[in-house]
Novice: 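Quick one: structure below, then a few questions.
All values below come from the heavy atoms of this structure, side chains included, with hydrogens, waters and symmetry mates left out. Worth saying up front: this structure is predicted, and the values here are computed from it rather than measured. Residue numbers count from 1 along this sequence.
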Amino acid sequence: EPWGWIFSQEDEVVSLVVEDNLSGISLGTLFPTLSGTASSTLSYEESASPRSGVATLTFSGDGGRVLLDGTSLAVEDAAGNRAETGALAAYADSNLPEGARSVAIDTEAPRLEVTYDNDDARNGHYYNRARTATVSIDESNFDLLMAYAPETTVLSAFRDGSEHASEELAAEDFEAVTLEDGSVRYQASLAIEDDADWRLESGFTDPAQRRSNEYESAFVIDTQAPVIMVTYDNDESANAMYYSAPRTATIAVSDRNFSPEL
């Protein structure tokens, strides 16, 4: 598993067989010690013999974390004798992927949104001022992506038909923003300033291998006014403004986005 984490796409369940040869045990004598942020429920089911059963810890909640080094379970028999599992990480070598020491619950696919500070389009998709694109991400484990895979590309900006991105936003460019409801959203901005035909693409895969929604947009930045030049085929004048023969004026327009129909 990447970075010592298990990324679970559903609730994570830890089951332990509990036995006592004399007085037996019950749910009331189970004492979990929990480390992390995941919600948890504890249940116990007796086997055919009242002196043994299975204790089950269920961890849930998108974005919940379980730190196995600090999570354990203790149990007492009816006589008050106590036994402890010790840290659940000790069981990792036989029951978990090698190197796994923590669990992250990830039940929701990432969601991203791209907004702009300038939506004043002319003739469909032309803009006469720069635009800043802001990417907002709702993903419970994006902080782990930032920490362990900071180079992960989230948004790419392609210029003038190039197959190679001219500008990019990676996971390391984002910052956590706490919303009014207490939830966390991750945001980063990219300024699109140069005159060019731009194509923006955004999307990424979270640590649990869930793919976000895809975003794509194409637009043109054109901040330069057209340049007009007028030339004549006859410059032979009398008194600076009188011509004895017809004149043909040739008008030349220099503009990267010139449109004759306009």
Side-chain angles (χ1 to χ4, degrees), residues 2-3 5 7 9 62-63 104 106-179 183-229 252-262:
W3 322 315
W5 286 82
F7 291 95
Q9 293 191 1
D62 185 52
D106 194 331
T107 60
E108 301 290 338
R111 297 182 303 278
L112 64 81
E113 179 184 22
V114 181
T115 58
Y116 298 89
D117 64 340
N118 173 16
D119 287 322
D120 186 16
R122 310 296 176 90
N123 297 295
H125 62 283
Y126 294 89
Y127 296 83
N128 59 20
R129 291 184 292 111
R131 305 183 84 194
T132 296
T134 297
V135 183
S136 300
I137 292 175
D138 295 316
E139 161 54 37
S140 59
N141 291 303
F142 194 77
D143 60 324
L144 296 179
L145 204 65
M146 293 168 62
Y148 295 106
E151 73 286 351
T152 300
T153 300
V154 177
L155 180 139
S156 299
F158 301 89
R159 177 178 181 152
D160 291 334
S162 173
E163 296 181 0
H164 304 286
S166 298
E167 306 282 350
E168 288 185 338
L169 286 178
E172 62 186 345
D173 298 317
F174 285 74
E175 294 183 353
V177 177
T178 302
L179 305 181
S183 62
V184 176
R185 176 172 292 169
Y186 298 88
Q187 291 184 333
S189 296
L190 179 66
I192 308 297
E193 299 175 320
D194 294 344
D195 284 16
D197 293 3
W198 290 96
R199 175 171 54 88
L200 270 59
E201 295 180 356
S202 186
F204 71 100
T205 301
D206 72 11
Q209 299 306 302
R210 295 183 186 273
R211 187 68 183 172
S212 73
N213 56 303
E214 303 289 334
Y215 171 86
E216 183 172 347
S217 179
F219 55 88
V220 177
I221 300 294
D222 184 352
T223 64
Q224 301 297 316
V227 175
I228 297 176
M229 296 182 63
V253 178
S254 176
D255 188 77
R256 65 173 286 127
N257 295 301
F258 180 71
S259 180
E261 63 268 20
L262 297 178

Novice: I'd like to check Thr152 versus Glu172 (side-chain heavy atoms, cut-off strictly below 4.5 Å). Are they in contact?
Specialist: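 No, their side chains stay 4.5 Å or more apart.
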Novice: Report the distance from atom CG of Asn141 to atom CZ of Arg210, rounding to the nearest 0.5 Å.
Specialist: 10.5 Å
Novice: Looking only at heavy atoms, which two atoms of Arg131 and Asn118 are closest? And how far apart?
Specialist: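 The answer is NE-O, 2.7 Å.
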Novice: The test is side-chain contact (heavy atoms from CB on, under 4.5 Å); show your working for Phe7 and Asp206 and say whether it passes.
Specialist: CA-CA 10 Å; Phe7 291 95; Asp206 72 11; over 6 Å; no
Novice: If you take all heavy atoms of Asp62 and Glu108, which pair is closest and at what distance?
Specialist: OD1-N, 3.3 Å
Novice: First locate atom NE2 of His125, then atom CH2 of Trp198, and finally report the distance between them rounded to the nearest 0.5 Å.
Specialist: 14.5 Å
Novice: Any chance you could measure Phe158, atom CZ, to Leu200, atom CG, to the nearest 0.5 Å?
Specialist: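 Here the rounded value is 9.0 Å.
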Novice: Less than 4.5 Å apart, side chain to side chain, heavy atoms only: is that true for Asn213 and Leu112?
Specialist: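 Yes, at least one pair of side-chain atoms sits under 4.5 Å.
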Novice: Rounded to the nearest 0.5 Å, what's the gap from CG on Leu155 to OG on Ser189? Could you check?
Specialist: 10.5 Å
Novice: Could you tell me whether Glu175 atom CD has more than 12 heavy atoms of other residues or ligands within 6.0 Å of it?
Specialist: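 For Glu175, atom CD is not crowded (no more than 12 foreign heavy atoms under 6.0 Å).
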Novice: For the residue pair Phe142 and Phe174, does the interplanar ring angle fall in the parallel (under 30°), tilted (30 to 60°) or perpendicular (over 60°) class?
Specialist: perpendicular
Novice: For the atom pair CG (Asp120) and CG (Asn128), what is the distance rounded to the nearest 0.5 Å?
Specialist: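 The distance works out to 6.5 Å.
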Novice: Name all residues meeting the ring pair (Phe, Tyr, Trp, His ring centres under 6.0 Å) criterion together with Tyr127; count only those two or more places apart in sequence or in a different chain, and write none if there are none.
Specialist: Phe219
Novice: Shortest non-hydrogen contact from Ala149 to Ala171?
Specialist: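 What the structure gives for the nearest pair is O-CB, 3.9 Å.
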Novice: Taking side chain as C-beta onward, heavy atoms only, is Asp106 less than 4.5 Å from Glu139?
Specialist: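 Sidechains of Glu139 and Asp106: in contact.
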Novice: On a heavy-atom basis, which atom in Ala109 and which in Arg211 lie closest, and how many Å separate them?
Specialist: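 Heavy-atom minimum between the residues: CB-O, 3.8 Å.
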Novice: Taking the side chain as C-beta and beyond, is there a heavy-atom pair between Val135 and Ser202 under 4.5 Å?
Specialist: yes
Novice: Without swapping roles, check the side chain of Glu168 against the backbone of Thr153 for a donor-acceptor pair under 3.5 Å.
Specialist: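 Answer holds: no.
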Novice: Please tell me if the side chains of Tyr186 and Val184 come closer than 4.5 Å, counting only heavy atoms from C-beta onward.
Specialist: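 In short, these two side chains touch, coming nearer than 4.5 Å.
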Novice: Taking atom CD of Glu163 as the centre, report whether more than 12 heavy atoms of other residues, nucleotides or ligands fall under 6.0 Å from it.
Specialist: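 Open.
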Novice: Distance-only, no hydrogens or angles: does the Asp117 side chain make a donor-acceptor pair with backbone N or O of Thr132 under 3.5 Å?
Specialist: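 It does hold such a pair.
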Novice: Grab the two heavy atoms, one from Thr223 and one from Ala130, that are nearest each other, plus how far apart they are.
Specialist: CG2-N, 4.4 Å
Novice: Restricting to non-hydrogen atoms, name the atom on Asp194 and the atom on Arg159 that form the minimum distance, rounded to 0.1 Å.
Specialist: OD2-NH1, 2.9 Å
Novice: Go through the steps to decide whether Asp197 and Arg199 satisfy the test salt bridge (charged side-chain N to carboxylate O under 4.0 Å, His left out), and finish with yes or no.
Specialist: CA-CA 7 Å; Asp197 293 3; Arg199 175 171 54 88; over 6 Å; no
Novice: Can you find a heavy atom in the side chain of Ile137 that is under 4.5 Å from one in the side chain of Phe204?
Specialist: yes
Novice: The test is side-chain contact (heavy atoms from CB on, under 4.5 Å); show your working for Trp3 and Leu145 and say whether it passes.
Specialist: CA-CA 10 Å; Trp3 322 315; Leu145 204 65; 4.1 Å; yes
Novice: Would Arg256 and Asp195 count as a salt bridge (charged side-chain N to carboxylate O under 4.0 Å, His left out) here? Give the steps.
Specialist: CA-CA 9 Å; Arg256 65 173 286 127; Asp195 284 16; 5.9 Å; no
Novice: What I'd like to find out is whether the side chain of Asp222 reaches to under 4.5 Å of the side chain of Asp255, using heavy atoms alone.
Specialist: yes
Novice: Determine whether Pro207 and Trp5 make a side-chain contact, defined as any pair of heavy atoms from C-beta on separated by less than 4.5 Å.
Specialist: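 No, side chains not in contact.
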Novice: Could you tell me the separation between the OG atom of Ser156 and the NE2 atom of His164, rounded to the nearest 0.5 Å?
Specialist: 12.0 Å
